[in-house]
There are 2 protein chains.
Amino acid sequence: MTRPGSRSGTTMNDVAAAAGVSQATVSLVLNDAAGTRFSDETRRKVHAVALDLGYRTNAHAKVLRDGVAGMIGFVGDFVATAPFAGKIIEGAQARAWEAGLLLLTVNTGGDKALEAASLETMLSYKVAGVVYAAMYHRVLDVPDVLAEVPAVVLNSRDRSGRFPSIAPQEELGGYAATKRLLDAGHRRIAMVNIGDPDGELPAAVGRHAGYVRALEEAGLNPDSGLHRAGDGHESGGFDNALALMTGPQPPTAIFCANDRTAWGAYQALAQLGLSIPHDVSLVGFDNQETLAPHLRPGLTTLELPFLEMGRRAVELLLAGTDRNGRTEYFECPLVERHSVAAPLKSTSSY
Amino acid sequence: MTRPGSRSGTTMNDVAAAAGVSQATVSLVLNDAAGTRFSDETRRKVHAVALDLGYRTNAHAKVLRDGVAGMIGFVGDFVATAPFAGKIIEGAQARAWEAGLLLLTVNTGGDKALEAASLETMLSYKVAGVVYAAMYHRVLDVPDVLAEVPAVVLNSRDRSGRFPSIAPQEELGGYAATKRLLDAGHRRIAMVNIGDPDGELPAAVGRHAGYVRALEEAGLNPDSGLHRAGDGHESGGFDNALALMTGPQPPTAIFCANDRTAWGAYQALAQLGLSIPHDVSLVGFDNQETLAPHLRPGLTTLELPFLEMGRRAVELLLAGTDRNGRTEYFECPLVERHSVAAPLKSTSSY
DNA sequence: CCGGGCTGGTAATTCGTATAACTCGTCCCC
DNA sequence: GGGGACGAGTTATACGAATTACCAGCCCGG
């Protein structure tokens, strides 16, 4: 019979006393230590008593001896709050658990003091490593204290180049999105970006670069009039799609650099009485679960592989191979839905 | 000068040796223990050496002595993944941090074996308490092992009545939503629910009960033809809104029991050429951040106070006042946007 | 009849910190 | 000048588990 109410815990000494053996015997039996021999009778008794008393190991005593705890720190700025990035935690936690580790998570909300304090606390708990995650892809400065422990930068790149980083392959994503539209037969393909293509935001820069490369590979000259900076919100998608479609030479397809932007475009096109994908084809980016599958028609978009990135971050931590400063890029797979079709009348000859 | 690369850590003994004092002195000085007197010179030296060697306390040694760790366990089914419930973690973590505690989080994804194993691990780490959180409001069975530690059920109710629970006030929310429409002058108010109003889902049951109560208080007889069960997805909102508005006596307003359902209704109304709120008023539920503010017009809806609920869960844990089995209900505030207006022609006299 | 090997265990120590109990001076006051 | 009070520290121990070194019987062979 277990004793539910027993706070303060049963120790190995309690088990040893009740079983009439020494604490060492209990430890050796319960851990099934190699190279030791105990009578079956003793083993049976120890196990029975341990179960009976509801013995549970004290992890702190173990860590104190062994030096490293079964925990990994996860520090994020807004990761838990960001609607689509919960997966990044889920992936990290799943991989950690496979290795028998728990995740100690902190959301700093951008507060540097809180960040520093939580890192200190995590280190005092001897975490096996720290994942330093960012809500959106950028180049960031990692706190020095992380040099004391295996650390990985997730969904961003470390400016100092000291830590391995994991980030999405933005350029390839922009390329794939554009290529999808080219393959469908489009030639006038616009892009509504989520920021300045020459700015600081790797997503805006990379996705645009991929867009340009795809066009050039197809022998097309990127028309600067077809690129709009946007702002990452649906208002940017709405306004720019409206402007593009009412302009002198409207595109037959639009690549929106995120799904929110695409949603704005949907609303603008609806207002203009244009149908998707019949009149205009659309490709998004992010595969935002609460949005992309539910638009009518479903939005063809690129997925940010957050689950895999989270997993990989922990894996790098565990591997510990000092791959200093290398950034690993993750490809964004195309998620096909129903917002792309052939253009109404092909403007090119084939 | 700190020693960045020094894994394995500086201990109090190292500091003591370097400062030429005993380990006890280091402990007493660094913890500023009450009732002890040391010379300023000694204090200064200890602090200086500790800083110099980069001393950091070993939390495990402390816990081993003191019995309770500065950590709280947070076990959720899909909480981190659910798009809108990340706030529940954020709130819990914020409150925990104010008390100097870290959060040990696990997403079980509904896996009971993983759940049991992580609870065992958490208990072996001597967590100060456990928050047992659910993605959606329901009545659930709490693992027995949680009886060994302070525990709180979050966003659900404990069937056994052993643990304090925290849940949203669904009935009051349904009432407020309906009242808002009544106050605007509506008399034919439909409801598209997110499930069976006599079923197991507290949200569906409670929100419906509030709807009925508001109507009755206004002297109206709830028309069963105006209530639709729905399914919580936008398809339920789309189909039911279409049916309601093309029926014999269409409502002038619809209360959708969640925002996704409301979104479906938006699309149905758009298809019918009806404008919101001019032709039909709409109220949602959930205040889903990635949706409600971005619909055109912005959706008036009720907010689930996840941040506060998360905070309160940890607070109850900390208070530890044995409020056995009591459920604390949190009111859902109305978030006013632009989807409610007076009916086109009032069907009642005033 | 004695040594060696095997069986079945135990004693003692370690990890790093906190704290109760104690020691050794020195000063002060009667 | 003797004793109490205080100042400034130190010593020793406990927390719970893991592990190394050891030990007591017993059996067997030469």
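Order of the sequence lines sets the chain letters (A, B, ...), proteins ahead of strands, with each chain counted from 1. Quick note: numbers below take in every heavy atom, side chains included, and nothing from hydrogens, waters or symmetry partners.
- The nearest heavy atom of DNA chain C to B:Asn31 and to A:Ser39 marks one nucleotide each, and the one closer to the 5' end goes with A:Ser39.
- Salt bridge A:Lys112/A:Asp141: absent, no basic N to carboxylate O contact under 4.0 Å.
- Among C:dG16, C:dT17, D:dA18, the nucleotide with an atom closest to any side-chain atom of A:Met12 is D:dA18.
- The distance between atom CG of B:Asp40 and atom P of D:dA8, rounded to the nearest whole Å, is 9 Å.
- Within 4.0 Å (heavy atoms only), A:Val21 reaches sugar-phosphate atoms of the nucleic acid but no base atom.
- A straight line from CG of B:Asp66 to P of D:dG16 spans 11 Å, rounded to a whole angstrom.
- Residue B:Lys62 has a polar side-chain atom (N or O) positioned under 4.0 Å from OP1 or OP2 of C:dA18.
- Rounded to whole Å, the distance from CG on A:Leu64 to P on D:dA14 is 16 Å.
- Listed pair B:Tyr55 / C:dT17 meets the phosphate criterion, a side-chain N or O lying under 4.0 Å from OP1 or OP2.
- Counting any heavy atom pair closer than 4.0 Å across all strands shown, A:Arg56 reaches sugar-phosphate atoms only and no base atom.
- Each of C:dT17, D:dT11, D:dA17 was ranked by its minimum atom distance to the side chain of A:Asn58; first place goes to D:dA17.
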Trace of the salt bridge (charged side-chain N to carboxylate O under 4.0 Å, His left out) decision for B:Glu315 with B:Arg312: CA-CA 5 Å; B:Glu315 198 142 301; B:Arg312 182 62 181 158; 3.6 Å; yes
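- Look at A:Thr42 and you'll find a side-chain N or O under 4.0 angstrom from OP1 or OP2 of C:dG9.
- In this structure, the CG atom of A:Leu53 is 14 Å from the P atom of D:dG16, given to the nearest Å.
- Taking atom NE2 on A:His60 and atom P on D:dA18, their separation rounds to 14 Å, with Å as the unit.
- Here the nucleotide nearest the side chain of A:Gln23, chosen from C:dT10, C:dA18, D:dA18, is D:dA18.
- A:Tyr125 has its OH atom 14 Å from the C1' atom of C:dG16, to the nearest Å.
- Partner of A:Val49 under the side-chain contact (heavy atoms from CB on, under 4.5 Å) criterion, out of A:Val26, A:Asp14, A:Val15, A:Val21: A:Val15 alone.
- For B:Leu28, the listed nucleotide lying nearest its side chain is D:dT10; candidates were D:dA18, D:dT10, D:dG9.
- Nearest nucleotide to the A:Ala61 side chain, out of D:dA17, C:dG16, D:dA12: D:dA17.
- Taking the C1' atoms of five terminal pairs at each end of the helix from C:dC1-D:dG30 to C:dC30-D:dG1, the two resulting helix axes are inclined by 80°, rounded to 10°.
- Contact check on B:Glu41 versus B:Arg44 returns a salt bridge, with a Lys/Arg side-chain nitrogen under 4.0 Å from an Asp/Glu carboxylate oxygen.
- Electrostatic pairing of B:Asp66 and B:Lys126 does not count as a salt bridge here, judged by no charged N lying under 4.0 Å from a carboxylate O.
- Within 3.5 Å, a donor on the side chain of B:Arg37 pairs with an acceptor on the base of D:dA8, or the reverse.
- If you check C:dT10, D:dG9, C:dG16 against the side chain of B:Phe38, the one that comes closest is D:dG9.
- The number of heavy atoms from other shown groups lying within 6.0 Å of CD (A:Glu331) does not exceed 12.
- When each of A:Val142, A:Val139, A:Val153, A:Leu140 is checked for a side-chain contact (heavy atoms from CB on, under 4.5 Å) with A:Arg159, only A:Val139 meets the rule.
- Of the side-chain N and O atoms in B:Thr25, one or more sit less than 4.0 angstrom from OP1 or OP2 of D:dT10.
- Residue A:Thr11 has its side chain nearest to D:dG16 when only C:dG16, C:dA18, D:dG16 are considered.
- The CZ atom of A:Arg44 sits 17 Å away from the C1' atom of C:dG8 (whole-angstrom rounding).
- The number of heavy-atom neighbours closer than 6.0 Å to CZ of B:Phe38, taken from other residues, nucleotides and ligands shown, is above 12.
- Spacing between atom CZ of B:Arg65 and atom P of D:dA17 amounts to 16 Å, rounded to whole angstrom units.
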